[in-house]
Amino acid sequence: MRIALLTEGARPYAQRGGPGWSARLAEGLREHEFELYVLAGPAGRGTAAGDGPGGVQGRFDAVHELPMWGVRPAGRGPAALRRRQYLRAYEQLVRALVMPRERGSFGPGLHRLAELARADGALPAFLASGQAQRVLERAWRSPGADTAAGQPMVRDVLVAADLLEQCLRPLSAPWYGTGPGGLGAADVCHVIGTGPAALPALVAKQLYGVPFVVTEHGLHLREQYAGYREAPYRWPVRALLLTFFRLLTEETYRQAALLTPGSAHDQQWQRRVGADPARTRVVHEGTPAVARPAAGPEPKAPTVVWAGPLEPGRDPALMLHAFARIHAELPAARLLVHGEEAAPGYLAHCEALAGRLGLTGSVEFAGRPASAAEAWRSGTVVVFTALVQRAPLLLADAMLSGRAVVSTDTGVAREVVGPTGLLVPPRDPQALAGACLALLGDEERRSRLGLAGRLRAQERFAVEPVVTAFRDIYLELVSNWPAYPDGRSGITGQRLRPFARPAEYWMAAGPATTGAADAEERRTSAGAGAAAEPEAKPEALAEVV
């Protein structure tokens, strides 16, 4: 089976995806052929879900890159007649972004632009043209347009037009077709994340009926909402781009054959954006850290470890206030804070707070550790205080150390930790201090919870269950989703291989449904070697995979 993995690499904001995930998937499913399609950074040196293409080349049959951000690709704009068609399609798309009553025209406008781009490759040049900018300005300032974020200025039009051109670049990627490297020759497209990475999958589904599955480890739309708060654009531009990402996500969820979020918490977010629960299946993100041995003996002094970026959302201030109570009852206790400053001036703020609380000699801001395992090993109890726990892997990694875990009851914490750790309300230093003191004073309980947490994390976040889940998902999609309902593949001059198309295609392509001429064409395209072979039965095809 041929699998096309579609993902983004470097982006201006909000990185996502665990390192090596796509490579581990391809490594575990060696019976399939994987090709990696990367929307890369400005210089074409992005990272695919944390993997540099040079580092994963050997694990994929091919790696294809498309520069996503920065200077647009060279090329000429469309001719006069085609330009009018581009203008109508672009206006349809733009009006969907700014007119609340015309949201439903987003998908048709998107697919029409993709159709035009495939014909002449002039989409990037058109989107950067003055005509496209005037279409955007006219629609954005027309009566009924949503300008709650403020009236757009001329510079807003120029900035937004440039950003939309970059977001729509995948529509003109050289990845469409049924030849080598073409998405039309894939059996399944697998989108890692949503956003622009889903555009090629949407086009492949419309052109060739190729089904696609979406895997999200941290929701792309949620990250865009968080990232654009600090983007260097005025509010009208931010609102327009967020509307684009929102409508693109809705279209992706609507067209996807299956959604595989990394947690039940993300699944709830997907439902709020319109995902169908019947086409959603939680698949936890696997990590090779499950094979790591448990941390060794505890430190001699009772030590609380806090790890994460130093920023308000992680709420290290809550840990400091709670530790003031811990230190009052247990003067020998120490607090180790591992992490780099993620918000300007926040490290100084935390150091000043520790000084005001009288904790200067008992709190150490240790910076970024050499490894997460080293951070957990240095503590007696591990604490997480984020206002929203979105990333399950950090919690799971701490549990794999065998140390007892205390976490605020937010986001994925209850789902990941379950009954193997202590959960406390957010922004409640008294409850957090009480939970930590209960564990610091009970070695037997710490050991019991640490072992239970390690076993739970090993069971849920091992790589093998992930590989098995996607092996079943790929077979399910390819056997239940006819790629060519009309029985025509469009592939000529090359031998067709079992499961290059699902069984429905082979059954529907017989003389009874497509005529003797079509059947003869199919036999001819199979090549001379195939003509001497007996006709394959549908049940025999399943044994090949």
Side-chain angles (χ1 to χ4, degrees), residues 1-8 22 25-26 32-39 48 60-66 68 89 106-119 121 123 167-216 220 248-260 279 470 473-492 494 496-497 499-502 504-505:
M1 193 185 303
R2 280 146 293 282
I3 312 297
L5 287 176
L6 297 155
T7 184
E8 281 189 61
S22 55
L25 182 65
H32 299 311
E33 298 175 11
F34 282 87
E35 293 195 18
L36 185 64
Y37 297 80
V38 185
L39 303 182
F60 296 98
D61 291 273
V63 177
H64 311 273
E65 283 192 355
L66 178 73
M68 203 30 204
F106 177 82
L110 195 68
H111 289 298
R112 179 56 178 157
L113 281 177
E115 179 183 350
L116 294 169
R118 289 193 308 276
L123 179 62
C167 289
L168 293 172
R169 242 174 237 185
L171 296 181
S172 56
W175 297 341
Y176 309 111
T178 56
L183 293 176
D187 295 297
V188 175
C189 287
H190 190 162
V191 182
I192 313 301
T194 52
L199 288 172
L202 289 169
V203 175
K205 180 176 183 290
Q206 183 193 39
L207 284 179
Y208 310 107
V210 179
F212 68 92
V213 58
V214 175
T215 295
E216 289 193 278
H220 180 274
L248 178 57
T249 301
E250 291 177 356
E251 180 73 8
T252 302
Y253 288 173
R254 184 164 45 248
Q255 298 289 344
L258 194 66
L259 302 175
T260 58
R279 292 184 290 111
F470 281 106
I473 286 170
Y474 292 156
L475 289 174
E476 177 185 334
L477 293 186
V478 84
S479 60
N480 292 304
W481 193 288
Y484 295 110
D486 62 355
R488 290 180 178 272
S489 70
I491 304 176
T492 58
Q494 59 179 286
L496 299 179
R497 297 189 292 176
F499 269 114
R501 295 289 165 240
E504 287 85 348
Y505 159 69

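The residues of the chain are indexed from 1 along the displayed sequence.
In this structure, V210 and D187 approach most closely via the heavy-atom pair CG1-O, 3.7 Å. Closest non-hydrogen pair, P196 versus M68, comes out as CB-CE, 3.3 Å. When all heavy atoms are compared, the tightest approach of V38 to W175 is O-CH2, 3.8 Å. Between V213 and Y474, the shortest heavy-atom contact is CG1-CE2, 4.3 Å. Contact detail for Y208 and G184: the closest heavy-atom pair is CD1-CA, 3.3 Å. Nearest heavy-atom pair, E35 versus D61, reported as atom, atom and distance to 0.1 Å: CG-CB, 4.3 Å.
A donor-acceptor pair under 3.5 Å is absent between the side-chain atoms of R279 and the main chain of Q255, judged by distance alone. In terms of modelled atom types and a separation under 3.5 Å, the side chain of T215 and the main chain of G193 share no donor-acceptor contact. A donor-acceptor pair under 3.5 Å is absent between the side-chain atoms of Y37 and the main chain of A197, judged by distance alone.
L183 CG to C189 SG: the interatomic distance, rounded to the nearest 0.5 Å, is 5.0 Å. Here CG of L199 is found 8.0 Å from CG of L39. Values are rounded to the nearest 0.5 Å. Distance CD/E33 to CZ/R2: 5.0 Å, rounded to 0.5 Å. Note that CG of L207 is 9.5 Å distant from NE2 of H111, once rounded to the nearest 0.5 Å.
Residues meeting the salt bridge (charged side-chain N to carboxylate O under 4.0 Å, His left out) test with R118, sequence neighbours left out: none.
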Between L110 and L168, is a side-chain contact (heavy atoms from CB on, under 4.5 Å) present by the stated rule, with each step listed?
CA-CA 9 Å; L110 195 68; L168 293 172; 3.7 Å; yes
side-chain contact (heavy atoms from CB on, under 4.5 Å) evaluation trace for T252 with V191
CA-CA 10 Å; T252 302; V191 182; 5.8 Å; no
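The one candidate from T194, T260, T249 that meets the side-chain hydrogen bond (donor to acceptor under 3.5 Å, both in side chains) condition with E216 is T194. Under the ring-ring contact (aromatic ring centres under 6.0 Å, His included) rule, H190 has a single partner from F34, F470, F212, which is F470.
L116 has its side chain out of reach of L123: every pair of non-hydrogen atoms, C-beta onward, lies at least 4.5 Å apart.
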